[in-house]
Amino acid sequence: MSNYKIFLKSGNCSYCNNNLIIQRKYSGENLCPECFQKNIEKIVYKTISKYKMLKKEDKIVVALSGGKDSITLLYNLNKIQNRIHHSRPIKALIIDEGIQDYRERSIKKATEFCKRNGIEYKIISFKERIGITLDEIIKIKRKTTDYKYACNYCAAIRRRLLNDGAKELGGTVLAMGHNLTDFAETYLMNILYKRLDIIANQYFFKEENLKLEQFYIKKISPLIRIPEEEIFLYANIKKFDYYASHCVYREQDPIIRRRVLDFIQECKKYSPEIEFNLLQGFLELSETLYHHREKMNYNTCQNCGYPCGRGKLCTYCTYLKEFSH
Ligand code: SF4
Ligand SMILES: [Zn+2]
Ligand SMILES: [Zn+2]
């Protein structure tokens with residue numbers, strides 16, 4: 001909570017004179033719970049329209065984990081959809097990687113939220129789709145010399161299952177709960193590892209590419225202008241019943257991602273606007289790279305037919321092949 005002073009009865013809201021709950025150092029605003037909540041909902045709505053994330057006819061599938069971010073996202077999208085568009089109902093997609101204790105509990109929170117709010121959901125598990133849980137993968141791979149840490153396997157497989165699951169649910173857009181802090185962390189990682197193709201590919205206003213759209217559903221992240229701490233505060237003010245613990249693998253593996261996050265948190269103490277600068281930097285860099293970088297030629301994966309890099313198999317199929325040995 002370094003960037004946020006939580007005040008109890010010691011100051012007034014910049015907008016209504018009630019007692020404030022948060023002081024935003026990066027903007028100088030003081031907000032009471034009511035104004036803060038409305039402001040967060042306004043940011044979500046404005047982010048969607050500013051970056052043209054949705055069309056009226058879109059069918060939204062929300063990637064739901066049961067944590068504060070995805071529940072906040074689902075709640076807000078559902079509200080916007082009901083109020084403004086009156087369009088087709090949102091569905092939720094839950095991925096069960098097979099992480100003992102952690103995932104069962106978060107799935108329980110996710111499904112309870114859906115039931116309470118009358119939202120249709122589907123659960124897809126690693127076990128049912130690829131025949132093995134993440135815990136089993138890690139047990140096998142940890143003994144090998146080419147072990148790549150749990151998050152690498154998990155993210156590549158989950159990405160594919162989310163994409164396929166959202167298509168199966170008839171979605172045209174997959175909404176992800178990434179907040180500004182997640183975004184800043186990922187962007188900095190991409191810079192550190194010189195993943196310029198990925199940055200170019202994340203440009204928000206890409207032209208339609210029918211060839212790629214056959215395979216990949218459009219992804220949107222309506223929370224990317226809200227720092228993690230504010231989602232936390234919002235979810236608590238709204239009294240959402242979410243799952244608060246972190247995945248054990250993120251704590252156990254010495255992944256650089258965590259160090260990057262610690263670095264950002266440290267910088268925020270002195271430069272509260274740092275995450276917003278990273279987002280702005282990304283917007284400009286991704287646009288430049290998208291227009292000026294030579295477009296990469298994709299191979300087609302020999303196993304699944306999806307576009308892949310320069311090899312014969314995509315990352316997903318490469319991993320599946322490894323696990324079957
Ligand atoms: S922290 Fe890593 S292993 Fe755990 S759910 Fe996230 S990506 Fe998967
Ligand atoms: Zn107020
Ligand atoms: Zn493949």
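Indexing begins at 1, ligand by ligand and atom by atom, following the structure's order. These numbers were taken from a predicted model, which means no experiment stands behind them.
Contact annotation: for Leu134 versus ligand 1, heavy atoms closer than 4.0 Å belong to the side chain alone.
The shortest contact between atom 4 (Fe) of ligand 1 and any protein heavy atom is with Cys247 SG, 2.3 Å. The nearest protein atom to atom 5 (S) of ligand 1, hydrogens excluded, is given as Arg158 NH1, 3.7 Å; this is a heavy-atom distance.
Residue-ligand proximity, Tyr249 to ligand 1, at heavy-atom distances under 4.0 Å covers atoms 3 (S). Taking every non-hydrogen atom of Arg250 and a distance limit under 4.0 Å, the qualifying atoms of ligand 1 come out as 1 (S).
A side-chain N or O of Ser70 and one of Ser65 form a donor-acceptor pair less than 3.5 Å apart. Residues Glu41 and Tyr234 have side chains that bring a donor and an acceptor to within less than 3.5 angstrom of each other.
When the heavy-atom distances from atom 2 (Fe) of ligand 1 to Cys154, Ala155, Cys151 are ranked, the shortest goes to Cys151.
The cationic atom of Arg160 (NZ for Lys, CZ for Arg) lies less than 6.0 Å from the six-membered ring centre of Tyr316 and within 45° of the ring axis.
Taking 4.0 Å as the cut-off between side-chain N and carboxylate O, Arg24 and Glu230 count as a salt-bridged pair.
Considering every non-hydrogen atom in both Ala184 and Ile264, the closest pair reads C-CD1, 3.7 Å.
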